[in-house]
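Data block below; observations after.
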Amino acid sequence: MRVMGKAPVQEHHLENGLTVLTREVNRTPIVSFFVWYRVGSRNELPGITGISHWTEHMVFKGTHRFPKGVADKLVAMHGGVRNGATWLDWTQYYETLPSEHVHLAVELEADRMANSVFDAEEVASERGVIISEREGGENHPSFYLTEELTAAAFRAHSYGLPLVGFKSDLREITREDLWTYYRRYYAPNNAVVVAVGDFDTNQLLDLIDKEFGAIERRPDPSPLRLVEPEQEGERRVTVRRPGPVAQLSVGYHVPAAGHPDTLPLWELGNILSAGRSSRLYRALVMTGLASSAGASSAMTKDPYLFRVSATARPDTEPTKLEEATFAEIDRLITDGVTAPELAKVQRQMKAGHLFSTEGVTSQARYLGQYEMAQGWRSLETYAEDLMQVQAEDVLRVARKYLTEANRTVGWFIPNE
Amino acid sequence: MNEKSLPTLKPSSELAHAATTGLALNIQRAVLSNGIVVLGTENPTHPSVVIRLGHRAGPILESPELAGVAALTASGLMRGTIHRSFEEINETVDAAGMGLSSGSGRHLSSVSSRCLVEDLRMAIELMADVAQNPTFPQREIDQLRGQILTGLRQADNDTGAVADRQFRELVYPLGHPYRLRTHGYVDTVSHLTRNHLEAFHATHYGPAGAFIVAAGDIVFGELVVMLEEAFGDWRGPGTGAVSVETPPAPEPIQREVVVPGKTQSDLVVGVPSIRRNDSDFHPLRMANLILGQLGMMGRLGEAVREEQGLAYGVHSELDAGLGPGPWCIRAGVNPANVDKALDAIRAEMHRLVDGGVTDDELERGKNYSAGSLVLRLETNDGVAALMQDVELFDLGLDYAERYPGIIRALTRDAVNAAASRHIPRYEATVRVIAGPAR
């Protein structure tokens, strides 16, 4: 497999604690400029669930320099796109735009970090938007299933709280709550800039230093004391609501990203469900029990879940689908994986990685995700590291984590 | 908003220059011996290729009683050929780590692959085999039908999909190809047989009207030789140009559909609009951009989301195709806010038609349209999608190069005239609300 040579990632640090990752990619005159904040629903408590996500919405509401709506218009009129996203461990913002306008992204993001206004009227109006976003999710059966499953899987860790927030919290969170949250977490020493694209690194660093350098460092957020106790028996949740078909979702506790078991677990997920030659596709979809099936684990800062899911066909008895799913996992645990099967999955993952990093936006997004969870350097060695995983590693992690005592089984059952 | 509040605005002439440079896409064209058209773009900077075979055999050819046959046929291509079983196709595809899929949109059915350049020959052989030699094995087709039926049941429970279905049924008359759902309906798909698929394939798949687009690390001349080897012997009818009739103006109506167990209502407000090759296409698309897309969902986003906080999502869209596809506004709102949201939508529609767009909005819309083309053409997927449009709508091989000039030439008068011709009074629209009982 031929992989093009590419410029290395460079890591830089400003005096105020801001980390900057840059990679020059000069094949298209585009730059993608991200700022990642080390704050997400992981940092929330009961009573303020959803506040990370709501804060993300509020920092699109303007500053004195770029009043509400101006930044969106500027980016659009320069041919760019911008967005923000909130997740368990992070909140992220980006602009991707023609490279001659990169200064606009740097100015907007520095200004957003330090000078967002949080106008009280805007908070009031955005409450309706946030609740509408949650209600849009509620229209999909999988929303409730995910919310119940994660709540049951986590007792001590905030990963069990809903990312978008409970509606009762969304009705009550105040402007002061949001402002305090913003001031605590939106600081250069809690953020990472990632820039990938067609720029001169030294010129871009000068610009970043000019715009971000003057923002004051703030006290580092206190480390969170979040340790999920070991699960010692299967947990089950069932959601009964109107809906079209039954859905199964099973969560197994697995370690944080960067743990030596992480790559074997990712490969296990692919062996189970990547492509139509995968084990779950053949056992569940080709047999007519399910219309789709999946298995994967996310990349998280703290231990999270390996999830196995399947959507039942309308005429499938849920118990049959569950038995077939666990039978397939048992078969893997008993017999292991074959060398050709592993080689196939590793090639799929290597090629998939190459496809998914074709554009500068996705390259910058991957760098940021890795940096938030386990450090960007493991992205650079990903393609080599995944080839080092042996069949016995996959079998070992399957036996270690895919156990009955370690799982939470969730069902969505249509009640009409 | 006025110009003074845009602090880092550059002179538009400079932007225009930037947007017209760096876009030499150099689409090359060839025709295989049996008439299949090939468009290709060489991009040696990434060792992968995106390649698609398109047939004009989409759901627009279906009769209502066989709705879903185009999609089932297209998906069924992958389920086995005279040379390879479904399992063998899957093993080959997964072992190479390539993507290979088949399916249909409204106008086209296609077989697509994304692969590493070293696997291109294998991808082409597989594409040629599934397109020319499918056997539609009974067991596999039954299984595939089950998957599609599950998806249709899910769609019947999805407020957005329910609203869209109802909207199309009110906007397009019986028998119009844009009325039908592209994957059919539970009661039609349930009755489709292998014979239907074989007949659809035999009638509509073939070299006539077919085209292949490829973007990536290719040498065009070598690609054409490979394609000639794989596809050159294919004989048969195929499907040439398809005409889609203009529907009569729909009867204005507001219809509510109750979907039990939901929290939010999905709204659709719209009418049938214009064809892609209508001379009003670019000015109307610009008016629509300003109304419901530019920045944070345009004027609609400003009014419905930013000022009133009624919805997370509201936007307008223009789906101009071979025929007059719909223009519509969509929003997802709490049932208690449906009337307020419709009021705001009415006000913005009328403000656009009566007052037109401003010079400032038009300038921003032009810069966005011209500049964003560079972003869209960054990836092989984006380039392949553009080439597909070039062939389907006969836009010309130099379309990407001409596009910034087309956008620059749009005048405010032209945009406002197109808006007033094609964006109706609110009272003349079809409106559908799908969600919980109100």
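Quick note: numbers below take in every heavy atom, side chains included, and nothing from hydrogens, waters or symmetry partners. In the text below, chain A, chain B and the rest are named by the order of the sequence lines, each starting its count at 1.
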Regarding B/Arg305 and A/Glu126, does a basic nitrogen lie under 4.0 Å from an acidic carboxylate oxygen?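 Answer for the salt bridge query: yes.
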
Can you tell me which portion of [X] sits under 4.5 Å from chain B's heavy atoms? Options are side chain, backbone, both or neither.
| X | result |
| --- | --- |
| A/Ala343 | neither |
| A/Met286 | both |
| A/Ile131 | neither |
| A/Thr28 | side chain |

Set of residues satisfying salt bridge (charged side-chain N to carboxylate O under 4.0 Å, His left out) with respect to B/Arg299, sequence neighbours excluded: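 If we apply the salt bridge (charged side-chain N to carboxylate O under 4.0 Å, His left out) test to B/Arg299, skipping adjacent residues, the hits are B/Glu361.
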
For chain A, which candidate among B/Met296, B/Gln308, B/Gln143, B/Lys366 shows the most heavy-atom pairs at distances under 4.5 Å?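 It is B/Gln143.
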
I want to check a possible cation-pi pair here: A/Arg365 against A/Tyr94, using under 6.0 Å from ring centre and within 45° of the ring axis as the test.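 Verdict for A/Tyr94: a cation-pi partner in A/Arg365.
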
[X] versus chain A, heavy atoms under 4.5 Å apart: side chain, backbone, both or neither?
| X | value |
| --- | --- |
| B/Arg376 | neither |
| B/Glu307 | backbone |
| B/Asp158 | side chain |
| B/Leu310 | backbone |
| B/Asp156 | neither |
| B/Gln154 | both |
| B/Asp119 | side chain |

Under the rule for ring pair (Phe, Tyr, Trp, His ring centres under 6.0 Å), what residues qualify as partners of A/Phe143, not counting sequence neighbours?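 With sequence neighbours excluded, A/Phe143 shows a ring pair (Phe, Tyr, Trp, His ring centres under 6.0 Å) to no residue whatsoever.
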
Relative to the ring of A/His101, is the ring of A/His78 parallel (under 30°), tilted (30 to 60°) or perpendicular (over 60°)?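 Rings of A/His78 and A/His101: perpendicular, over 60°.
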
Top contributor to chain B interface from [options] [non-hydrogen pairs under 4.5 Å]:
| options | answer |
| --- | --- |
| A/Met349, A/Gln346, A/His57 | A/His57 |
| A/Thr311, A/Val75, A/Val360, A/Val129 | A/Val129 |
| A/Ser362, A/Ser125, A/Pro98 | A/Ser125 |

Run the numbers on B/Asp142 and B/Arg139 for salt bridge (charged side-chain N to carboxylate O under 4.0 Å, His left out), then give the verdict. CA-CA 5 Å; B/Asp142 287 344; B/Arg139 180 172 164 274; over 6 Å; no

Under a 3.5 Å threshold, yes or no: a donor from one side chain and an acceptor from the other, between B/Ser48 and B/His46?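 There is such a pair between these side chains.
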
Checking side-chain polar atoms at under 3.5 Å, does B/Asp94 have a donor or acceptor matched by the opposite partner on B/Asn90?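 Side chains of B/Asp94 and B/Asn90: no pair found under 3.5 Å.
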
